[in-house]
Structures are given as C-alpha cells and as structure tokens.
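Okay, structure first, notes after.
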Amino acid sequence: GIDIVFNALHGPFGEDGRVQELLESIGMPYTGSGVIASRLAMSKSAAKERFLQQGVPTPEYVLIHEADTASAILAKANEIGFPLVVKPDAQGSSLGVTIVETPDELPAALTRCFELDSFGLLEAAIPGEEWTLGVLDSQPLPLIRIETDREFYDFAAKYTDDDTRYCFDFDLPADVVRSIEAAGLGACRAVGTNGIARVDLRLDRFHQPWVLEVNTVPGFTDHSLVPKAAARFGWSFGELCERAIET
C-alpha cells in the first residue's frame, strides 16, 4: 500500500545512492535524485570533476588520501597555494572542514579530515560571501546570502548559532544574480539531480560565483534553507513537499 518513499535521509545510505538503489531494485518510486547523481554529489571530488567537464566554475583542488605522506600532501598544498581548505571527500554539514592559512596549520586540519573519511580534498580558498541556491528540477528558488561572524559557514553556524543571518534582500546587479543562478543550475545539470537540490557557492570580490558542492538531500525541516527559499517564493512547506512528490 505504499505509493512513494519521501527520502529525507542525510549522509551515508540516504544520500549516497544506496537507499536509491535499494528502492529501484523493488520498483518503488522515491523523491529526489537517482543513484548516479546521488553518488556523484556525495563525493566532492567526483562532483567537481563533473563541474570541470561541464564548465561550471569551481575552486581548484587536489584529492588526497590518508596513506599519502606528509611531504606529498604538503607538496600538493603548495601547488594549490595558501590559504586553502581541507575537507573530507564524502561528508556533509561542514564536518571536518578547516581553512588553513599556513603550512603549520596543515597537520591538525588533516587529522580532523581523516577522522571522518579516508579521502580528502585540498581546495583553493575563495574569500568572499556564502550563498546557497535551492533548485526544484530546473527551477531556481530565491537566492540566499548567508552571513556569519565565524570564519565560514561551519557546523556551529549552521546548527547552533543564533547570530547566523539568511538574507533574501541584497544589492547586486541583475547580471550577477543571473550568473549565480546559472552556476548553480549548471552544477545540478552536471551531476544530474532530480527534484529538490541545493547548491552551495561562494561569490568573490569580482562577483564571480564558485560552486562548492551540490546537496541532493538538503535540510528539509520548516527552518531549513530550501523551505525558507520556497516560502519566499510563495510556497508553503506542504506545497514544497507536494512538488517534490510530483516530480
């Protein structure tokens, strides 16, 4: 008697293609992206390769492994240049992410990264503003600029800080807004998302957007970012759920 599975599972199993594969094996419809898109988006390195192939602007990066020597990782870091970002390849909520200003800070950042994943990324740090774009199929939802007093939009800024600000009103030229939306939609096309997704970006001082990652199962409570954007668009939380099911 089940018509459809509404997938709101985050992280491993729910977001990496495994539950999608299980549901497809029994012919059960489900919301959100399919197996391949889910796998691609869960791996930041795999997604970034698709971004690069499709011309989506994304910061320069190198993939590292916990078995790599310290000297080899330092050499790769020097190729990227400091400051840089160390992040696990397949984690969400900014867990294990560190902005590294100098080589001396690298070992501690690598320890945090490899506690959560055997693979990690060294990524060029993009100074600028944090933005997020919710997407329903190919329709962009209203852009959100995220303001935090922390170094970046980390786990605490997302879940515990009362001072994090989400802004829908901003003074940007229309062509810059369109370029952010185009980068976000391009990122979704590159990994092949369906239904609801969310793209996290940074906007540098030259108003160039840079895609950081695509979330195929974004937060879906009534205070999460995509529902906030949908409400700004005029959709109630229930309407957003219905649209996710319809797709």
Side-chain angles (χ1 to χ4, degrees), residues 2-24 28-44 47 88 90-95 97 116 130-148 153-162 164-168 180-181 184-185 187-201 211-247:
I2 298 170
D3 298 308
I4 189 168
V5 168
F6 194 105
N7 182 23
L9 296 170
H10 300 289
F13 186 67
E15 204 169 353
D16 60 8
R18 282 185 285 171
V19 73
Q20 292 84 355
E21 190 170 41
L22 176 63
L23 292 169
E24 289 190 9
M28 177 62 66
Y30 57 90
T31 60
S33 295
V35 176
I36 294 174
S38 300
R39 286 176 178 166
L40 283 172
M42 190 66 181
S43 167
K44 293 178 176 63
Q91 276 291 332
S93 299
S94 298
L95 292 170
V97 177
L116 298 172
E130 302 262 4
W131 292 77
T132 195
L133 178 71
V135 176
L136 179 66
D137 284 340
S138 59
Q139 175 162 7
L141 299 177
L143 274 169
I144 303 176
R145 185 180 69 208
I146 301 166
E147 297 178 354
T148 174
Y153 189 45
D154 61 8
F155 184 89
K158 289 176 178 176
Y159 299 111
T160 62
D161 279 2
D162 293 329
T164 304
R165 300 168 296 282
Y166 304 101
C167 305
F168 288 99
I180 300 172
E181 291 177 341
L185 291 172
C188 287
R189 286 194 299 271
V191 299
T193 65
N194 289 311
I196 293 173
R198 196 191 77 238
V199 186
D200 296 332
L201 311 95
V211 172
L212 302 180
E213 62 180 282
V214 173
N215 301 271
T216 54
V217 186
F220 215 72
T221 68
D222 56 6
H223 61 272
S224 298
L225 294 176
V226 169
K228 282 181 185 289
R232 181 77 174 189
F233 206 57
W235 298 345
S236 70
F237 188 66
E239 286 176 305
L240 179 63
C241 293
E242 286 288 346
R243 289 173 185 270
I245 292 167
E246 288 169 2
T247 63

Okay, side chain of [X], backbone of [Y]: is any donor-acceptor separation there less than 3.5 Å?
X      : Y      : value
Asn7   : Leu9   : yes
Asp16  : Met42  : no
Thr247 : Ala244 : yes
Glu147 : Glu130 : no
Ser224 : Pro227 : no
His10  : Glu15  : no
Glu242 : Glu239 : no

Does the side chain of [Y] come within less than 4.5 Å of [X]'s, by heavy atoms?
X      : Y      : result
Arg39  : Val35  : yes
Leu225 : Tyr166 : yes
Leu95  : Pro88  : no
Leu212 : Leu201 : no
Thr31  : Ile4   : yes
Ile245 : Asp3   : no
Phe168 : Ile144 : yes
Leu141 : Val135 : no

How far apart are the closest heavy atoms of [X] and [Y], and which atoms are they?
X      : Y      : value
Ala37  : Ser33  : CB-CB, 3.9 Å
Ala229 : Pro142 : O-CD, 3.3 Å
Val214 : Ala197 : CG1-CB, 4.5 Å
Gly14  : Val217 : O-CG2, 4.1 Å
Val199 : Gly184 : CG2-O, 3.5 Å

Between the side chains of Glu24 and Tyr30, is a donor N or O closer than 3.5 angstrom to an acceptor N or O?
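Distance-only check passes for Glu24 and Tyr30.
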
Could you tell me whether the side chains of Asp200 and Asn215 share a donor-acceptor contact shorter than 3.5 Å?
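The criterion, which ignores hydrogens and geometry beyond distance, is satisfied for Asn215 and Asp200.
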
Just how far is it from atom [atom1] of [X] to atom [atom2] of [Y], taken to the nearest 0.5 Å?
X      : Y      : atom1 : atom2 : value
Arg145 : Ile180 : CZ    : CD1   : 10.0 Å
Asn194 : Cys188 : CG    : SG    : 10.0 Å
Ser38  : Phe13  : OG    : CZ    : 12.0 Å
Cys241 : Glu246 : SG    : CD    : 11.5 Å

- Query: Which residues satisfy the ring pair (Phe, Tyr, Trp, His ring centres under 6.0 Å) test with Phe6, sequence neighbours excluded?
  - Reply: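 Here the qualifying residues are Phe220.
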
query: By ring pair (Phe, Tyr, Trp, His ring centres under 6.0 Å), which residues pair with Phe233, not counting sequence neighbours?
result: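 Phe233: ring pair (Phe, Tyr, Trp, His ring centres under 6.0 Å) contacts with Trp235.
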
Derivation of the side-chain contact (heavy atoms from CB on, under 4.5 Å) call for Ile146 and Arg165 | CA-CA 6 Å; Ile146 301 166; Arg165 300 168 296 282; over 6 Å; no

Among Thr216, Thr193, Thr132, exactly one meets side chain to side chain donor-acceptor pair (under 3.5 Å) together with Arg198. Which residue is that?
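Per the side chain to side chain donor-acceptor pair (under 3.5 Å) rule, the option paired with Arg198 is Thr132, out of Thr216, Thr193, Thr132.
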
